[in-house]
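Read through the structure below, which is laid out as structure tokens, and then see the notes.
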Amino acid sequence: MKTLLRTLVATALTLALFASLASAAGDGTYKGSVVGDSSQDITVKVKKNRVNKFVAHVYASCGLTNMMITVAYPPAGAKKGTSAKIKDNGRFKAVFKGSPDVEDDKRTITGRFKGRNVTGRILVEGLCSSDDKYSAKR
């Protein structure tokens, strides 16, 4: 009975270890695009389990016109070293202003790392608006 219990505990610990490793983000650059439109490119840079750089070019509705805008994190004027922590479940989220000069400019980026891939959402609210899903791989 003790042998069976030890085997079950060892198996559970091994599975937990592999599950956490599978969701962990590897250091490097992930490249991809908005789902359904490869002209809207995405770059995510990861180092030491943090998103250090995120750049996306997405179409946004700005008043009566649609135009390509850049969503960049950390944003202009951010404190040096600003980054988004990737949690144990492989997820990250950053909410920020796209421009320090524009009051009504909220941007939210989220993502989930799984193996060599990251998928997520880019939400732009304010004078311009956009809501896109993206996918990128390392």
Original post:
Hey, are the side chains of Val51 and Lys93 touching, using non-hydrogen atoms and a 4.5 Å cut-off?
Top reply: no
Original post:
If you look at every heavy atom in Val34 and Ile42, which pair is closest and at what distance?
Top reply: N-CG1, 4.0 Å
Subject >> Side-chain heavy atoms of Val95 within contact of Lys106, under 4.5 Å >> reply: yes
**OP:** Determine the minimum heavy-atom distance between Lys137 and Asn117, stating which atoms define it.
**Re:** CB-OD1, 3.1 Å
**OP:** Find the distance between OG (Ser129) and CG (Asp105) and round it off to the nearest 0.5 Å.
**Re:** 11.0 Å
Subject >> Ser99 OG to Leu127 CG distance, which is reported to the nearest 0.5 Å >> reply: 10.0 Å
Original post:
Do you know which two heavy atoms are closest between Lys53 and Pro74, and how far apart they sit?
Top reply: CA-CD, 4.4 Å
Distance-only criterion, 3.5 Å: show the donor-acceptor pairs between side-chain atoms of residues 54-68 and protein atoms not counting sequence neighbours.
from	atom 1	to	atom 2	distance (Å)
His57	ND1	Asp41	OD1	3.0

**OP:** Would you please name every residue forming a side chain to side chain contact (heavy atoms under 4.5 Å, CB included) with Asn52, sequence neighbours left out?
**Re:** Lys47, Arg50, Ser83
Original post:
Going by heavy atoms in the side chains, are Asp37 and Asp132 under 4.5 Å from each other?
Top reply: no
**OP:** Find the distance between CZ (Arg138) and OH (Tyr30) and round it off to the nearest 0.5 Å.
**Re:** 4.0 Å
**OP:** Please work out whether the ring planes of Phe113 and Phe92 are parallel, tilted or perpendicular, with thresholds of 30° and 60°.
**Re:** tilted
**OP:** Indicate the atoms forming the closest heavy-atom contact of Gly32 with Ala136, along with that distance.
**Re:** N-CB, 3.6 Å
Subject >> 4.5 Å side-chain heavy-atom contact, Thr119 and Tyr134 >> reply: no
Subject >> Residue of the set Val71, Leu123, Val124 for which side-chain contact (heavy atoms from CB on, under 4.5 Å) holds with Ile109 >> reply: Val71
Original post:
For the atom pair CD1 (Ile86) and CG (Asn49), what is the distance rounded to the nearest 0.5 Å?
Top reply: 5.0 Å
